Amino acid sequence: MARTVIMGAGIAGHTAALHLRRMLPKEHEVVVVAPNSKWNWIPSNIWVGVGQMDTKQVTFPLAPIYKRKGIEFHQALATEWHGDGSAELPRPHITVKYTSPQRQGETAHLEYDYLINATGPKLNFAATPGLGPDGNSWSVCTAGHAEQTAKALAESIGKLKQGQPQTFLIGMGHGTCTCQGAAFEYTFNVEDQLVKEGVRDRAEVIYITNESSLGDFGMDGMNFGSKDGVVPSQMFTESLFAERGVKAILAAHVERVEPGAVHYELLDGTKGEQRFDFAMLLPPFRGVDLTAYDAAGEDITDQVFAPSGFMKVDADYSPKPYEQWEASDWPKTYQSVKYDNVWAAGIAFAPPHQMSRPQQSPNGTMIAPAPPRTGMPSGVIGRAVAQTIAERIKHGSAGRVHTASMAEMGAACIASAGTGWRDGKAAAMTVFPIIPDKRKYGESGRDTQETYGEIGLSAHWMKVMLHHLFIYKAKARPFWYLIPE
Amino acid sequence: MNDNVTTFPDAPQPDAKQIKARTSVLKQGWRFAVLNLKMITMVNKGHH
């Protein structure tokens with residue numbers, strides 16, 4: 001009998017748990033530890049944030065699904081990782097603190113044979129003074145945040161209807177943020193909402209970003225193949241901004257958010273201030289607060305985690321200049337650098353470097369988008385890790401090691417730009433591979449046949465379809481496993 | 001207006017035909033099928 005513990009029940013962790021349960025006989029235990037009681041389809045939070053959906057449409061309770069599937073669930077937060085065991089408990093284990101109302105504050109040790117770290121990001125609002133719902137800006141990172149944000153947006157729209165001009169500032173709340181696609185989507189959904197409410201002419205919509213140009217998306221931009229030749233994602237994105245009258249502040253690091261104003265620094269070192277009536281600014285991510293110990297009780301966190309708090313896996317972390325970055329630097333198996341029975345899946349793994357060219361201002365401020373690894377790659381990595389563990393349990397060291405290098409997989413981003421069955425809009429963008437591989441694909445680093453973008457109603461339909469499809473899959477309904485990650 | 005706020009006056013704009021095509025149910029129905037096919041191909045290519 002083997003026991004696999006999965007920390008986290010987001011896209012990567014939940015996918016891994018369901019696949020492991022499906023692949024393993026019942027005598028093997030699958031255990032999930034997650035601080036939240038509900039699963040959240042995060043890509044649809046942007047629709048909650050504009051009042052087009054409520055939180056019940058993007059979340060559901062995890063416990064009934066896990067009970068039905070035979071997965072042990074602990075609503076708890078992992079705080080300590082003892083990969084070599086400890087004096088009081090010799091087997092590898094994690095220490096958790098319960099967050100459920102019934103067991104709030106209790107602690108427990110959960111032993112494991114195999115461990116998946118799928119803890120996702122810590123939303124690091126503290127990196128920028130005044131950032132976040134507890135400060136002076138809003139967020140759509142969680143369904144709860146998005147619900148609050150929708151109320152604030154409705155208030156601003158109400159003021160517009162009373163004739164008061166409003167400035168909407170949307171984007172990145174720090175120079176090292178990722179998830180530009182989410183901020184992009186929210187920007188255009190707000191703009192669409194303003195049009196539908198008949199108040200667009202009195203509103204200013206400004207996108208603030210750490211990208212040095214529009215269309216970078218933390219991926220160093222893309223070259224979309226089309227029948228008319230190659231279209232850079234910068235041109236594609238600028239065209240949409242111009243068409244919809246959305247303005248931008250580029251290459252910006254937000255230093256602090258005050259009531260009604262952000263203060264920022266640009267790549268050239270100049271400082272600026274932008275006033276706003278409504279601001280939705282995403283936080284930077286870092287790894288969750290999990291401390292690792294060896295058998296003697298010594299803190300070994302710096303051996304297993306990068307300074308960013310994400311877990312070190314089979315990547316090439318040696319520091320090297322941008323020109324020497326290789327697709328092969330990126331991890332394939334996601335196995336821990338220290339333990340061969342531990343993996344990181346989804347956002348929890350430490351990327352070897354950014355994808356976009358790292359830049360800093362003359363003042364030494366890093367203004368460099370972090371690499372995105374949400375959504376499709378998170379799910380694919382979660383499944384690959386689950387397959388590897390299932391093989392190991394069934395066949396020992398002869399079991400096949402599954403790989404999911406982001407340099408060998410593509411990703412699709414359907415960026416909503418407005419809702420409605422007949423007048424919805426979205427930009428469908430696909431990229432292959434996610435990590436540019438200049439050796440294989442030349443200077444653009446990507447296959448321009450597989451990398452493309454288009455705007456239209458069909459992409460909106462696609463976004464709606466994916467919403468229902470992935471929630472169906474996450475609920476483990478019949479034949480859920482046939483739906484690809 | 002803040003000097004650091006950029007507009008994109010030189011960005012190419014879609015013409016009336018392109019804008020109409022973006023919301024044409026017939027055209028978009030076809031694009032929906034194509035998009036699905038492309039994504040399935042890409043997903044299969046990336047799964048090992």
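On a predicted model such as this, the values are computed, not experimentally measured, just so you know. Naming: A, B, ... by sequence-line order, numbering from 1 per chain.
Using a 3.5 Å distance cut-off with no hydrogens or angles, the side chains of T167(A) and E204(A) do not pair a donor with an acceptor.
Looking only at heavy-atom pairs under 4.5 Å with chain B, the residue among A428(A), A411(A), G424(A) that has the most is A411(A). Listed options E243(A), R422(A), M235(A) were ranked by heavy-atom pairs under 4.5 angstrom with chain B; first place goes to E243(A). Counting heavy-atom pairs closer than 4.5 Å to chain B, the top residue among M406(A), E454(A), Q234(A), R275(A) is E454(A). When the candidates L214(A), T270(A), I455(A), D423(A) are compared by the number of heavy-atom contacts under 4.5 Å with chain B, I455(A) comes out ahead. When each of P433(A), A242(A), A248(A), G456(A) is scored by its heavy-atom pairs under 4.5 Å with chain B, the top score falls to A248(A).
For Y207(A), no part sits under 4.5 Å from any heavy atom of chain B, backbone or side chain. Heavy atoms of I434(A) lying under 4.5 Å from chain B are absent altogether. Only the backbone of V431(A) has a heavy atom closer than 4.5 Å to any heavy atom of chain B. Contacts of N36(B) with chain A are made by both backbone and side-chain atoms, with heavy-atom separations under 4.5 Å. Of the two parts of I208(A), neither the backbone nor the side chain holds a non-hydrogen atom closer than 4.5 Å to a non-hydrogen atom of chain B.
A salt bridge between K247(A) and E191(A) is absent, with no side-chain N of the basic residue lying under 4.0 Å from a carboxylate O of the acidic one. We find that K271(A) and E255(A) are joined by a salt bridge, their nearest charged nitrogen and carboxylate oxygen being less than 4.0 Å apart.
Side chain of N210(A) to main chain of G175(A): a donor-acceptor pair is present (N/O by atom type, distance under 3.5 Å, no hydrogens or angles).
F236(A) pairs by the ring-ring contact (aromatic ring centres under 6.0 Å, His included) definition with F224(A), not counting sequence neighbours. For D15(B), the side-chain hydrogen bond (donor to acceptor under 3.5 Å, both in side chains) test picks out no residue, with sequence neighbours left out.
By the 30° and 60° cut-offs, the orientation of the rings of F241(A) relative to F8(B) is perpendicular.
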